[in-house]
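Indexing begins at 1, ligand by ligand and atom by atom, following the structure's order. It should be emphasised that the depicted structure is a prediction, and the values quoted were computed from it without experimental measurement.
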Amino acid sequence: MAGRLEGRVALVTGASRGIGRAIALAFAEEGADVALVATNEALLASAAEEVQGMGRRALALRVDLADAESIKDAVESAKKELGGLDIVVNNAGITADQLLLRHKDEDWDRVMQVNLGGAFRVTKAAARYLMKSKAGRVINISSVVGLTGNPGQSSYAASKAGLIGFSKSVAKELASRGVTVNVIAPGFIETDMTAALTEEQQAKVLEGIPLGRMASGREIAHAAVFLASDAAAYITGEVLRIDGGLAM
Ligand code: NAP
């Protein structure tokens, strides 16, 4: 049976680890060629190898998303090497958890630069190629804390809320060209990001999740595949919470 993303080219940021890697692999499983963006060369290379192991083309692009200049080059080379660009997933993200009064300006700037600035620049550089695609898709990975807020995460939550406003605006701008823009807002997912929480913090988090567990990256990837597929052609500007009921 043909995959749901057969013949598509996707670019996934933060594809070296965690949720982004799970999305890149799920896209490859469904038939897409994938450009993988992150900074860790070794992890990028192993993710690219896994994509190639599924018979798909992979392009590993070592880019720091805080570096505006190299983003444009990366998007251009993905388009050139892989012959187009149909799907962009802005997944890369960082945290700088600190209470407001102790939050350093430079940490605030870095979170905004990577989480929000990165998504803006990647989407801007990719837009003209997405508009040429027969099924252009942008999927932005926000967070439930962008909807609810969270003490100690003012910069992270602001960047994730910003991503939602950004996505809805771009969804309206690109709709006439058949490009959809949607947001996934994960709750707590088992990755390096949540592994950084103490046992006590993890136990507290689990108490608040009606389904009583964290999710795997793959459970986010399933939704990304759906939003990227033809089945989701009439969905745009949507925010899909995948959080085990945490923020309902
Ligand atoms: P993770 O395991 O910490 O992985 C983060 C990814 O982003 C890595 O691939 C990392 O690559 C990349 N990245 C970070 N800074 C970068 C930069 N400056 N330039 C390029 N790439 C960069 O995180 P995750 O848990 O998979 O999270 C993925 C996304 O989901 C993030 O946006 C996060 O905010 C969001 N999210 C996660 C959870 C959760 O519970 N895990 C919940 C809600 C939302 P390198 O290290 O190779 O640079």
Is [Y] paired with [X] through a side-chain N to carboxylate O contact shorter than 4.0 Å?
X   : Y    : result
R8  : D86  : no
R21 : E50  : yes
R17 : E190 : no

- [ ] Would you please write out the protein residues whose heavy atoms approach any atom of ligand 1 to under 4.0 angstrom, listed by chain and number?
- [x]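 Close residues (ligand 1, cut-off 4.0 Å): G14, A15, S16, R17, G18, I19, A38, T39, N40, V63, D64, L65, N91, A92, G93, I94, R110, V114, I141, S142, S143, Y156, K160, P186, G187, F188, I189, T191, D192, M193, T194.
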
Task: Qualifying residue for side-chain contact (heavy atoms from CB on, under 4.5 Å) with S159, from N115, V145, I94 - done: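 Of N115, V145, I94, side-chain contact (heavy atoms from CB on, under 4.5 Å) with S159 is met by N115 alone.
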
Open item on the list: For the CD atom on E106, are there more than 12 heavy atoms of other groups (residues, nucleotides or ligands in this structure) within a distance under 6.0 Å?
Closed with: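 Atom CD in E106 is packed in, count exceeds 12.
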
Task: Within 6.0 angstrom of E200 CD, more than 12 heavy atoms from elsewhere - done: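 At most 12 heavy atoms, drawn from other residues, nucleotides or ligands, come within 6.0 Å of this atom.
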
